[in-house]
Amino acid sequence: MCDTCGCNITPGNRHLAYKPVNGGTSAVSVLKKLLAHNDDQAVHNRAHFDTRGILTINLMSSPGSGKTALLEATIDALKDEFRLAVIEGDLETENDAARIRARGVSAYQITTGSACHLDAHMVHEALHHLDLSTVDILFIENVGNLVCPASFDLGQHRNVTLLSVTEGDDKPAKYPVMFRAADAVILSKIDLLPVLDDFDPARAEQCLRQLASTVPLLPLSARKGQGMAAWYDWLRNELAAQRARVSAGQLTVKPYIQPDGARLHTEVG
């Protein structure tokens with residue numbers, strides 16, 4: 001968890017971390033307070049989305065799993081059906097945001113410097129650069145990392161984790177927090193399976209199910225257009241459910257929070 005490595009001090013919350021603290025306050029208690037501040041900001045962000053009926057999806061994965069390619073294909077397929085926007089997270093460059101803008105969709109790039117994940121404060125700042133009145137689905141492409149992003153509530157409604165066939169099929173077993181946090185798992189780049197005979201999709205699913213996860217597993221190739229219909233239908237269903245909740249005045253939905261993450265988020269030293 002980020003309370004040990006210190007990476008939850010980000011450009012978005014650094015002003016909270018370096019305020020004077022009482023004598024004897026431990027580093028761990030300061031970091032737990034940062035998590036509490038993060039969750040407060042996430043509630044505020046989610047209220048912005050709910051008020052406008054926006055569905056917000058947090059995309060997480062290791063670097064190079066195909067998150068941006070998935071977004072490009074999704075934009076091409078759905079931009080005439082839904083109003084889409086993207087928040088991009090990377091340590092440096094505007095490369096991914098530029099790719100999204102080239103598809104005719106608003107995108108704001110967050111550069112985190114050394115921080116290996118986004119937090120709710122950075123997302124809130126990004127929202128000031130987007131016209132939320134013109135958005136149906138907001139995608140947040142998190143920093144490529146299979147550990148820390150799963151522990152931070154950004155204000156999103158759903159987490160989607162990508163597992164590329166260019167990675168090991170035992171990734172869900174090795175990184176359980178990330179995959180337990182997922183509301184859907186995408187098995188990406190399946191067009192490469194014929195040349196990657198060391199990746200077994202059945203074993204990948206077995207590792208996922210051994211985490212007691214019952215979420216959808218969606219095999220697809222964004223580049224080749226394979227399996228994309230199921231992903232688009234999942235998005236349509238999630239947006240319809242979000243709109244129904246808002247219309248009925250029901251409580252919002254939150255992404256999965258793991259027991260260890262929930263404990264760290266609620267225990268303030």
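Predicted model, so just to flag it, every value in this text is computed and none were measured.
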N/O donor-acceptor pairs under 3.5 Å from side chains in residues 216-223, not counting sequence neighbours:
{"residue": "Ser221", "atom": "OG", "partner": "Asp191", "partner atom": "OD1", "Å": "2.8"}
{"residue": "Ser221", "atom": "OG", "partner": "Lys224", "partner atom": "N", "Å": "3.1"}

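A donor-acceptor contact shorter than 3.5 Å is absent between the side chain of Asp136 and the backbone of Phe82. With hydrogens and angles ignored, the 3.5 Å screen pairs no side-chain donor or acceptor of Arg46 with any backbone N or O of Thr252. Between the Ser188 side chain and the Ser65 main chain, a donor and an acceptor come within less than 3.5 Å of each other. Checking side-chain atoms of Arg83 against main-chain N and O of Ser133 turns up a donor-acceptor pair under 3.5 Å. Side-chain atoms of Thr51 come within 3.5 Å of backbone N or O of Ala47 as a donor-acceptor pair. Not one N or O on the side chain of Asp169 forms a donor-acceptor pair closer than 3.5 Å with the backbone of Phe199. No donor-acceptor distance shorter than 3.5 angstrom exists from the side chain of Lys174 to the backbone of Gly168, with no hydrogens or angles considered. For Gln156 (side chain) and Leu154 (main-chain N/O), a donor-acceptor pair under 3.5 Å exists by modelled atom type. Judged by distance alone, the side chain of Glu167 and the main-chain N or O of Ser164 form a donor-acceptor pair under 3.5 Å. Under a 3.5 Å cut-off, the side chain of Asp90 and the backbone N or O of Thr93 do not form any donor-acceptor pair.
Applying the side-chain hydrogen bond (donor to acceptor under 3.5 Å, both in side chains) criterion to Asn142, with sequence neighbours excluded, gives Asn58. Applying the side-chain hydrogen bond (donor to acceptor under 3.5 Å, both in side chains) criterion to Lys67, with sequence neighbours excluded, gives Ser61.
Both Tyr256 and Leu163 are members of a single hydrophobic cluster when ILVMFWY side chains are connected at heavy-atom separations under 4.5 Å. At a threshold of 4.5 Å between side-chain heavy atoms, the hydrophobic network of Ile, Leu, Val, Met, Phe, Trp and Tyr places Val185 and Leu146 in one connected group. Both Val135 and Phe49 sit in one connected hydrophobic cluster of ILVMFWY residues. Membership requires side-chain heavy atoms under 4.5 Å apart, directly or through other members. Leu162 and Val86 fall within the same hydrophobic cluster, defined by Ile, Leu, Val, Met, Phe, Trp and Tyr side-chain heavy atoms under 4.5 Å apart, directly or through other members. Under the 4.5 Å side-chain heavy-atom criterion for Ile, Leu, Val, Met, Phe, Trp and Tyr, Leu71 and Met60 are members of distinct hydrophobic clusters.
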*Derivation and outcome, side-chain hydrogen bond (donor to acceptor under 3.5 Å, both in side chains), residues Asp50 and His157*: CA-CA 9 Å; Asp50 290 340; His157 300 102; 2.8 Å; yes

*For the pair Glu141 and Thr68, evaluate side-chain hydrogen bond (donor to acceptor under 3.5 Å, both in side chains) and give the outcome as yes or no after the intermediate values.*
CA-CA 8 Å; Glu141 182 179 342; Thr68 311; 2.8 Å; yes

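Here the CD1 atom belonging to Ile100 is positioned 11.0 Å from the OG atom belonging to Ser106, to the nearest 0.5 angstrom. From Glu88, atom CD reaches atom CG of Leu59 across 9.0 Å, with rounding to the nearest 0.5 Å. Note that CD of Glu125 and CG of Asn45 are 11.0 Å apart. Values are rounded to the nearest 0.5 Å. The distance from atom NE2 of His121 to atom NE2 of His124, rounded to the nearest 0.5 Å, is 10.0 Å.
The heavy-atom pair separating Pro201 from Leu187 by the smallest distance is CB-CD2, 4.0 Å. Of all non-hydrogen atoms in Ile87 and Ala126, the two that sit nearest each other are CD1-CB, 3.8 Å. Nearest heavy-atom pair across Leu132 and His48 is CD1-CB, 4.4 Å. Residues Arg245 and Leu251 approach most closely at CD-O, 3.6 Å, considering heavy atoms. Between Val123 and Ile140, the shortest heavy-atom distance links the atoms CG1-CD1, 4.1 Å. Taking all atoms of both residues into account, the shortest heavy-atom contact from Thr74 to Met228 is OG1-CE, 4.4 Å.
Under the 4.0 Å criterion applied to side-chain N and carboxylate O atoms, Arg236 and Glu81 are assigned as salt-bridge partners. The pair Arg101-Glu94 counts as a salt bridge, with a side-chain nitrogen and a carboxylate oxygen less than 4.0 angstrom apart.
Residues Asp153 and Lys254 are in side-chain contact: their nearest non-hydrogen atoms beyond the backbone lie under 4.5 Å apart. Taking 4.5 Å as the limit, some side-chain heavy atom of Ile137 sits within range of a side-chain heavy atom of Leu239. Residues Asp131 and Thr134 have side chains in contact (heavy-atom distance under 4.5 Å, counting atoms from C-beta outward). Contact check for Thr111 versus Gln109: side-chain heavy atoms found under the 4.5 Å cut-off.
Of the candidates Ile57, Leu55, Leu70, Ile57 is the only one forming a side chain to side chain contact (heavy atoms under 4.5 Å, CB included) with Phe139.
In this pair, His129 and Tyr108 present their aromatic rings parallel. The plane angle is below 30°, not in the 30 to 60° band. Using cut-offs of 30° and 60° on the angle between ring planes, the pair Trp234 and Trp231 is parallel.
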